[in-house]
2 protein chains.
Amino acid sequence: MEEEKVRDKEELLLEELQATLAVRDDAKFCQIVETAYPVDLGIVMGKFSDAELLYLCQLLKNEKLADILEHAEETLQIRLMRILDNNRIIKLMRFMSKDNIVDILGDMPVKNRKEIVRLMQFGEQKIIQELLGYAEDTAGGIMTTEYISFRQELTVAETLQKIREIAPKTEEINTIFVLNGMKQLVGTVALRDMLLAKDTAMLADIMHKNVISVEPEADQEEVARLVSKYDLPVIPVVSKRKGLLGIITVDDIIDVIVEEHTEDMLRLGGVSKEENIASSLLDSVRMRLPWLIVNLLTAFLAAFTVSMFESTISRVVALAVAMPIVAGMGGNAGTQTLAIVVRGIALGEVKWGNNKRLVLKEIFLGVINGAATGAITGVLIYFMFGNVYLGWIIFAAMICNLVIAGFFGFLVPLILKALHADPAVASSIFITTATDVFGFFIFLGLAKIFIQYLL
Amino acid sequence: MEEEKVRDKEELLLEELQATLAVRDDAKFCQIVETAYPVDLGIVMGKFSDAELLYLCQLLKNEKLADILEHAEETLQIRLMRILDNNRIIKLMRFMSKDNIVDILGDMPVKNRKEIVRLMQFGEQKIIQELLGYAEDTAGGIMTTEYISFRQELTVAETLQKIREIAPKTEEINTIFVLNGMKQLVGTVALRDMLLAKDTAMLADIMHKNVISVEPEADQEEVARLVSKYDLPVIPVVSKRKGLLGIITVDDIIDVIVEEHTEDMLRLGGVSKEENIASSLLDSVRMRLPWLIVNLLTAFLAAFTVSMFESTISRVVALAVAMPIVAGMGGNAGTQTLAIVVRGIALGEVKWGNNKRLVLKEIFLGVINGAATGAITGVLIYFMFGNVYLGWIIFAAMICNLVIAGFFGFLVPLILKALHADPAVASSIFITTATDVFGFFIFLGLAKIFIQYLL
């Protein structure tokens with residue numbers, strides 16, 4: 001219901017803007033824009049044509065348009081960069097924080113990007129070029145430089161005075177960064193603590209000293225883990241010599257967490273994070289086909305296993321009916337173990353070595369769940385084909401395959417983690433291959449051994 | 001590398017604490033505790049025995065222990081509640097924010113919970129009982145009451161003076177909530193804007209009026225979506241009459257996002273969010289077996305499909321070898337479409353109705369990817385069995401099944417969403433069932449029709 005409300009709000013805004021645009025009621029437009037949230041305006045403006053968009057941009061003040069641009073989806077950012085001229089872009093960027101400028105520049109063709117950077121003032125140019133130098137998914141790539149830092153000898157009164165002067169220009173003023181004489185980060189002071197402290201106290205006296213920071217090369221996922229673990233409102237990025245390079249605010253961290261989440265889900269589904277519902281048919285083919293071909297190769301491994309037992313199957317066709325059950329259930333059980341182990345790895349609860357007890361548990365779990373599902377399957381297969389031995393064989397095969405599923409479900413993600421691969425994604429294909437191949441092999445192998453009871 | 005550092009830090013802390021505990025060096029212990037982060041202390045303390053834990057708790061001041069308790073994992077919270085006496089617990093809770101108290105009480109046996117609430121002061125008792133009344137995963141269930149609110153007629157100078165008085169007791173002071181004469185929430189003021197405003201300005205003049213809020217019944221996932229979309233540092237929870245009930249801070253929102261992420265991944269893997277690596281064998285059986293049995297039923301649906309073609313398979317055993325490939329590839333392609341559509345639904349880009357173009361795209365994608373993988377499969381099958389018609393049949397079946405995969409992969413999540421079920425989890429089982437049943441049916445059906453060419 002809440003969701004419906006939000007959608008309605010966006011649709012209402014769209015209708016209002018379309019109405020004002022239709023009659024060119026510019027005053028009404030400016031009035032709507034005044035109270036609407038930039039992110040909503042961005043979503044709605046994304047639905048207009050280039051010509052309409054350009055008209056609207058001419059009505060918007062630089063500060064407002066910059067705000068919309070900062071909060072817009074990548075697609076709208078790219079469109080706006082394409083239709084606006086460089087002078088306007090430069091003016092807009094004066095109102096934007098450095099991390100957002102860098103994001104937008106990063107999505108532009110190199111030639112255009114260079115041209116815009118060239119038009120910037122020298123000081124700004126230098127900062128932007130430095131920020132552009134960091135990889136997109138590292139602390140350096142998501143940090144911004146709009147922070148407040150002061151020398152530790154400053155008093156609270158002096159600091160508050162200075163804050164009043166520079167606050168309008170900075171993104172984050174709730175945390176003040178404290179530097180020593182060598183410009184090293186030595187502490188932080190929360191604005192609230194400043195309000196509570198005596199005017200004559202020095203920052204060095206009231207600062208929090210044990211600061212958690214990251215280096216610019218740190219992976220953004222690791223930064224998010226730290227922010228989430230320590231409930232930080234902002235995390236400083238420092239050089240090896242503890243010089244303050246920039247800060248990452250919590251709203252950017254939320255973006256990272258949501259982005260990584262989406263990426264994980266997409267990769268588990270076997271699609272690229274680049275693909276979305278609006279991707280062209282050819283892009284989708286290009287991004288999905290490789291994964292299907294990888295899966296095809298593993299499917300052939302399973303098919304070869306089955307082909308080893310062709311003569312057995314030709315004598316007892318019921319085997320062909322029952323064999324996908326054994327393989328499929330192994331796959332399901334393996335994925336369950338995988339999900340638990342991957343979370344354990346993420347939380348640092350499961351590490352390489354010293355897991356004997358946990359592996360044993362998964363093996364016992366395979367025995368119990370295999371016996372339970374195997375018993376149901378055995379009985380049903382007995383009723384379908386009237387052969388009690390076939391029931392027993394599928395019961396035994398199910399137990400074996402669920403034990404194998406538990407074993408591989410546990411070990412494969414640990415091995416991949418040790419090899420620095422993503423344990424969540426790559427694991428599933430190895431585990432499914434193992435449970436398919438072993439599932440077919442055990443079931444058909446048992447059938448071959450006891451073939452005289454099945455005829 | 002960053003991760004290693006964090007682990008090392010925790011292990012170092014554990015070793016230090018163990019060393020001080022071994023020689024009962026209480027002074028050293030207090031010194032370590034002074035500088036360590038509460039969340040790290042919580043992780044490390046979770047590794048001690050009950051007796052050791054109780055000893056450490058006696059050394060810790062109430063404020064520090066409360067801090068550790070607030071940041072600890074659920075398991076440690078439950079243990080501490082069990083070993084500490086009620087008087088100590090009440091003292092600790094005076095230093096804790098209401099949302100954390102409610103979380104901890106929620107995990108306690110009802111009898112103990114009631115006893116502790118009874119021991120609280122009347123005012124606090126009332127708030128806690130009210131908060132306990134909201135469902136755990138709603139805005140009401142995660143909100144806290146430590147916020148600052150003022151009447152809109154107050155001036156900046158008056159407000160700042162009052163803030164200095166009450167700041168130590170409140171969780172969030174960076175945002176000030178502004179109420180009208182009827183105690184309705186009418187605006188917010190950021191602390192930074194207060195520092196920049198004139199002393200004589202009224203809150204009503206400088207406040208931001210278009211406040212985004214939620215009602216206490218709102219789902220926590222929806223709250224997280226709003227906070228993430230609008231980059232809010234804090235979101236107010238209001239009654240239908242716009243009375244301010246509480247606030248939710250961004251660090252709690254991060255917990256929600258991380259929690260929902262973990263839950264999604266676990267449910268996709270077919271395990272309950274209650275299960276973790278430390279779950280007992282029997283708990284794991286109890287939580288995993290139902291999902292396996294659901295899957296077993298769908299596996300039987302596929303087996304019944306195969307059984308309809310027993311006589312065909314008995315004449316051409318190669319069919320048994322090739323049929324899992326068609327079914328499996330359909331499952332993979334369906335999961336790809338599912339992943340894209342589920343994300344589209346989450347972003348509001350895909351809705352029920354008006355999707356003809358998108359469905360058509362998935363169908364064409366099925367044709368193209370099916371033709372590509374079908375061609376590879378057909379050629380390999382031809383080389384394996386020397387029958388060109390079998391190659392053509394698997395080629396055709398692969399195209400059909402991948403079209404079906406695209407069709408169901410698109411529609412099933414939309415239907416489930418319309419029925420208010422979770423599209424991500426339940427979809428995969430329906431889609432796999434569809435691609436298995438149709439995959440076997442089409443491939444074996446084609447084989448039956450053209451059986452004379454296969455002999």
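In what follows, chains are A, B, ... by sequence order, proteins preceding strands, each numbered from 1.
Ranked by non-hydrogen atom pairs under 4.5 Å with chain A, the options B:Val342, B:Ile254, B:Asn210 are led by B:Asn210. With chain A as partner, the option from B:Ala339, B:Gly328, B:Ser280, B:Ala372 having the largest number of non-hydrogen pairs under 4.5 angstrom is B:Ala339. When each of B:Asn276, B:Thr432, B:Leu319, B:Ile293 is checked for heavy-atom pairs under 4.5 Å with chain A, B:Asn276 comes out on top. The greatest number of non-hydrogen atom pairs below 4.5 Å with chain B, out of A:Gln336, A:Met384, A:Arg315, is found for A:Gln336. In terms of heavy-atom pairs under 4.5 angstrom with chain B, the leader among A:Leu282, A:Val271, A:Leu232, A:Asp255 is A:Val271. Here A:Leu380 is the residue among A:Leu380, A:Val316, A:Leu160, A:Val341 with the most heavy-atom pairs under 4.5 Å with chain B. Contact count versus chain B (heavy atoms, under 4.5 Å) is highest, among A:Asn295, A:Ile313, A:Thr335, A:Thr373, for A:Asn295. When each of B:Ile212, B:Ile253, B:Thr35, B:Asp193 is scored by its heavy-atom pairs under 4.5 Å with chain A, the top score falls to B:Ile212. With chain A as the partner, the residue from B:Ala278, B:Ala299, B:Ala318, B:Ala302 showing the most heavy-atom pairs under 4.5 Å is B:Ala299. Chosen from A:Ser314, A:Gly334, A:Pro233, A:Ala190, the residue pairing most often with chain B at heavy-atom distances under 4.5 Å is A:Ser314. The candidate with the highest count of non-hydrogen atom pairs below 4.5 Å against chain A, out of B:Ile376, B:Thr305, B:Asn369, is B:Asn369.
Both the backbone and the side chain of B:Ala303 come within less than 4.5 Å of a heavy atom of chain A. Contacts between B:Ala333 and chain A at a heavy-atom distance below 4.5 Å involve backbone atoms as well as side-chain atoms. Proximity to chain A (any heavy atom under 4.5 Å) is restricted, for B:His71, to the side chain, taken from C-beta onward. Heavy-atom distances place the side chain of A:Thr262, and not its backbone, under 4.5 Å from chain B. Within the 4.5 angstrom heavy-atom criterion, only side-chain atoms of A:Leu402, from C-beta onward, approach chain B. Residue B:Phe440 touches chain A through its side chain alone, counting heavy-atom pairs closer than 4.5 Å. For B:Ser279, the parts sitting under 4.5 Å from any heavy atom of chain A are the backbone and the side chain alike. Only the side chain of B:Ile43 comes within contact range of chain A, with heavy atoms under 4.5 Å apart. In this structure, the portion of B:Met398 lying under 4.5 Å from any heavy atom of chain A is its side chain and not its backbone. Of the atoms belonging to A:Val227, it is side-chain heavy atoms, and not backbone ones, that fall under 4.5 Å from chain B. Interface residue B:Thr337: backbone and side-chain heavy atoms are both found under 4.5 Å from chain A. With a threshold of 4.5 angstrom between heavy atoms, A:Ser311 does not approach chain B through any atom at all. In this structure, chain A has a heavy atom under 4.5 Å from the side chain of B:Val350, while its backbone stays farther away. Residue contact with chain A, scored on non-hydrogen atoms closer than 4.5 Å, is absent for B:Leu338. Only the side chain of B:Ile368 comes within less than 4.5 Å of a heavy atom of chain A; its backbone N, CA, C and O stay farther away.
Here the CZ atom belonging to B:Arg192 is positioned 13.5 Å from the CZ atom belonging to A:Arg164, to the nearest 0.5 angstrom.
Taking 4.5 Å as the limit, some side-chain heavy atom of B:Leu195 sits within range of a side-chain heavy atom of A:Leu191. Annotation: side chain of B:Tyr230 is in contact with side chain of A:Asp40 (closest heavy-atom distance under 4.5 Å).
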Practice prompt. Take A:Phe300 and B:Ile381 through the side-chain contact (heavy atoms from CB on, under 4.5 Å) test and state the conclusion after the steps.
Written response: CA-CA 9 Å; A:Phe300 262 97; B:Ile381 287 291; 4.2 Å; yes
Item to complete: Take A:Leu196 and B:Ile163 through the side-chain contact (heavy atoms from CB on, under 4.5 Å) test and state the conclusion after the steps.
Response: CA-CA 9 Å; A:Leu196 302 176; B:Ile163 288 175; over 6 Å; no
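A salt bridge links A:Arg288 with B:Glu362: the distance from a Lys NZ or Arg NE/NH1/NH2 to an Asp or Glu carboxylate oxygen falls below 4.0 Å.
No donor-acceptor pair closer than 3.5 Å links the side chain of B:Arg343 to the backbone N or O of A:Met265.
Counting non-hydrogen atoms of neighbouring residues, nucleotides and ligands closer than 6.0 angstrom, the CZ atom of A:Phe364 reaches no more than 12 such neighbours.
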